[in-house]
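Keep in mind that the numbers below use all heavy atoms, side chains included, and drop hydrogens, waters and symmetry copies.
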Amino acid sequence: MRPRAFRVGALLAGAAAFGATGPGAEPPCSESSVLTLLGTDTAADRSLFALSSATPGIETWLVIVDARDESARLLPDSLAGLRSGAFYGPGPFLAATPCGADCFQPVRLGGDGWEPLGGPIAHSSTATAHFTYDRHGSPWIALLSLSEIAGVVDVTAFRFAAPSWEPRGRLRVQAVGAPAATPDPVHDDAVLVGSGRFRAGNAPAYWIPSLPAPSGAPRGRVVAVAGAAAYLTFDSRLYTSLDGGVTWFPDSWTPWTGPGALPGTDYWIDLPAATSDASLAALWHDERHGDAPVTYLARWTPSRGWAAPVRLGGAAGETSFDHAVSAAADKWLLLGSCRASGRGSVLDVLLVDPGTTAPRAASLALESAWSP
């Protein structure tokens, strides 16, 4: 997502840290440390981040942010520089590590760090690995490669059936977003990758019959939402379908009233990591007033449309937030920078509780997630 400056500096100045300071004699991070989202466990409401380290001898930390108890746990990344892949789904975090030329070894994050899951998978090393779980709890890996056709991605899928990974077919798909692979909300044994569906007992097929083709707009990404669908172009034009992609309508709603605005110029829309597919979570970045940008948090459901948005911005003092997570029960978690605090480190965050429109600021102490 595009980094945004939210005007909440005064709130953060008075925020108290949760828990004790982080592990080690030196703070694990500084304000120059980079936080990178690796995956979202939608069942546990947890997100996994890689954090560039300020600790001598440690290249990268892993940070597990729990949206339910508002905590951040820290552990060394034993596969720093050797880990790849993105993850989204209801289960423990998954990734891949190289096991030779054109070989992926899936791994799962457990109590003792990254552990192999099944055997290696032979595939072109130019592919990108994307992991998820179906609603039966089975892990999947989708290996994505660019095709010779613009906007079309070649997907090869595997499903884990202990003790090995089983091939589940190959399909060319469109409208792949981030996350690329997600659980299918309709079939418990299936996952979605862009416009494609991969099932445990069926050949790959397309779950959506059509995509909108707006004149002059670049391509976009498609998202399944509670039996309906949404499509967001790369210049922030939003379309919704209540009949599973048969009929599409441009969505003209904006979180502000008054004169309209031009998507991709006056405002941008981001779709953040979300732990529920019951609604479409969206961030609206309003840039109509360049010296006072505003961001709105909003949710769309097929039955009720858009709920009242949460407004961020409009006061003096700015603090940047680079990641947003739409947690379960309509909670929002927005993460800013990591900074030293005493001999530990904290993450500055904004939280929006269910049923409220006023954010609250906090600092989450990075707690040790292992026994020394």
Problem set entry | Option from Arg135, Arg199, Arg197 for which salt bridge (Lys or Arg N to Asp or Glu O under 4.0 Å) with Asp184 holds | Arg197
Seminar exercise, completed: Correct closest heavy-atom pair for Tyr133 and Pro92 would be OH-O, 2.8 Å
Problem set entry | Atom CZ of Arg172 with >12 non-hydrogen neighbours under 6.0 angstrom | yes
Problem set entry | Donor + acceptor pair across side chains of Trp61, Ser53 (<3.5 Å) | yes
Exercise. Has the side chain of Tyr231 got a donor or acceptor atom that lies under 3.5 Å from a matching backbone atom of Gly245?
Worked result: no
Exercise. If two hydrophobic side chains count as joined below 4.5 Å and joins carry through other members, does Tyr239 share a cluster with Val222?
Worked result: yes
Exercise. Going through the checks in order, is the side chain to side chain donor-acceptor pair (under 3.5 Å) test met by Trp248 and Ser241?
Worked result: CA-CA 5 Å; Trp248 291 92; Ser241 174; 4.9 Å; no
Problem set entry | Exercise: identify the closest heavy-atom pair between Phe234 and Arg221 | CE2-N, 4.4 Å
For this session: Step by step, work out the side chain to side chain contact (heavy atoms under 4.5 Å, CB included) result for Phe131 and Trp140.
Result: CA-CA 6 Å; Phe131 291 88; Trp140 287 72; over 6 Å; no
Exercise. For the residue pair Gly196 and Leu171, what are the closest heavy atoms and their distance?
Worked result: CA-CD2, 3.8 Å
Exercise. Does Asp270 reach the main-chain N or O of Pro272 with its side chain, forming a donor-acceptor pair under 3.5 Å?
Worked result: no
For this session: Could you check whether the rings of Phe158 and His123 sit parallel, tilted or perpendicular, using 30° and 60° as the cut-offs?
Result: perpendicular
Exercise. When clusters are formed by joining ILVMFWY residues with side-chain heavy atoms under 4.5 Å apart, either directly or through shared neighbours, do Val153 and Val191 land in the same one?
Worked result: yes
For this session: Answer whether the closest heavy-atom distance between the side chains of Arg46 and Arg73 falls below 4.5 Å.
Result: yes
Exercise. Linking I/L/V/M/F/W/Y whenever any side-chain heavy atoms sit under 4.5 Å apart, do Tyr88 and Leu62 land together?
Worked result: no
Exercise. So do Thr295 and Asp286 actually touch side chain to side chain, heavy atoms under 4.5 Å?
Worked result: no
Exercise. When rounded to the nearest 0.5 angstrom, what distance separates CG in Asp102 from OG in Ser125?
Worked result: 4.5 Å
Exercise. Centroid-to-centroid, Trp165 to Phe160, below 6.0 Å?
Worked result: yes
Exercise. Do Leu211 and Val152 sit in the same hydrophobic cluster, where Ile, Leu, Val, Met, Phe, Trp and Tyr count as joined when their side-chain heavy atoms come under 4.5 Å apart?
Worked result: no
Exercise. Taking the side chain from Ser279 and the backbone from Thr301, do they hold a donor-acceptor pair closer than 3.5 Å?
Worked result: no
For this session: Look only at the side chain of Ser276 and the backbone of Ala278, and say whether a donor-acceptor pair between them is shorter than 3.5 Å.
Result: yes
Exercise. Is NZ or CZ of Arg288 both nearer than 6.0 Å to the six-membered ring centre of Trp256 and within 45° of the ring axis?
Worked result: yes
Exercise. Does the Ser341 side chain pair with the main chain of Ser345, one donor and one acceptor, at a distance under 3.5 Å?
Worked result: no
Exercise. Are the aromatic rings of Trp284 and Trp253 close, with centres under 6.0 Å apart?
Worked result: yes
Exercise. Side chains of Ile64 and Leu75: does their closest heavy-atom pair fall under 4.5 Å?
Worked result: yes
Exercise. Are the side chains of Leu347 and Val63 in touch, meaning some heavy atoms are under 4.5 Å apart?
Worked result: yes
Exercise. Can His323 and Leu334 be said to form a side chain to side chain contact (heavy atoms under 4.5 Å, CB included), step by step?
Worked result: CA-CA 6 Å; His323 299 280; Leu334 299 102; over 6 Å; no
For this session: To the nearest 0.5 angstrom, please state how far the SG atom of Cys29 sits from the CG atom of Leu366.
Result: 5.5 Å
Exercise. Side chains of Thr126 and Ser124: is there a donor and an acceptor less than 3.5 Å apart?
Worked result: yes
Exercise. Heavy atoms, side chains only, cut-off 4.5 Å: are Pro183 and Thr132 in contact?
Worked result: yes
Exercise. Roughly how far, to the nearest 0.5 Å, is the CG atom of Asn202 from the CG atom of Asp189?
Worked result: 7.0 Å
For this session: Assess the pair Phe87 and His130: is the distance between their ring centroids shorter than 6.0 Å?
Result: no
Exercise. Is it true that atom CG of Leu146 has more than 12 heavy atoms of other residues, nucleotides or ligands lying nearer than 6.0 Å?
Worked result: no
Exercise. Got Pro359 and Leu312 here, is their nearest side-chain heavy-atom distance under 4.5 Å?
Worked result: yes
Exercise. Any salt bridge between Asp134 and Arg159, counting N to O under 4.0 Å?
Worked result: yes
Exercise. Does any N or O in the side chain of Ser147 come within less than 3.5 Å of the main-chain N or O of Ile149, such that one atom is a donor and the other an acceptor?
Worked result: yes
Exercise. Once you round to the nearest 0.5 Å, how far does OG1 of Thr182 lie from CG of Asp277?
Worked result: 8.0 Å
For this session: Indicate yes or no: at least one non-hydrogen side-chain atom of Leu38 is less than 4.5 angstrom from one of Arg83.
Result: yes
Seminar exercise, completed: Applied to residues 75-125, the disulfide bond (SG atoms under 2.5 Å apart) test, sequence neighbours excluded, yields Cys99-Cys103
Problem set entry | From OG (Ser236) to NE2 (His285), nearest 0.5 Å | 8.5 Å
Exercise. How far apart are the closest heavy atoms of Val352 and Thr356, and which atoms are they?
Worked result: CG1-O, 3.6 Å
Seminar exercise, completed: Minimal heavy-atom distance between Thr265 and Glu287, with the atoms involved, is O-OE1, 4.3 Å
Problem set entry | OG on Ser47 to CG on Asp41, rounded to 0.5 Å | 8.5 Å
Problem set entry | Ser363 and Asp348: side chain donor to acceptor below 3.5 Å | yes
Exercise. Is any side-chain heavy atom of Phe249 closer than 4.5 Å to a side-chain heavy atom of Asp251?
Worked result: no
Problem set entry | Short N-O contact, Arg299 and Asp330, less than 4.0 angstrom | yes
For this session: Just do the side chain to side chain donor-acceptor pair (under 3.5 Å) check on Ser145 and Asp154 with the steps written out, would you?
Result: CA-CA 5 Å; Ser145 302; Asp154 198 330; over 6 Å; no
Problem set entry | Side-chain (Thr60) to main-chain (Asp77) donor-acceptor, under 3.5 angstrom | no
Exercise. With distance as the sole criterion, is a donor-acceptor pair present between the side chains of Asp353 and Trp332 under 3.5 Å?
Worked result: no
Problem set entry | Sidechain-backbone polar pair: Glu70 side chain, Ala362 backbone, donor-acceptor under 3.5 Å | no
Exercise. Leu242 and Ile208: same hydrophobic cluster, using ILVMFWY side-chain contacts below 4.5 Å?
Worked result: no
Problem set entry | Minimum heavy-atom distance Gln105-Pro116, with the two atoms named | NE2-CB, 3.9 Å
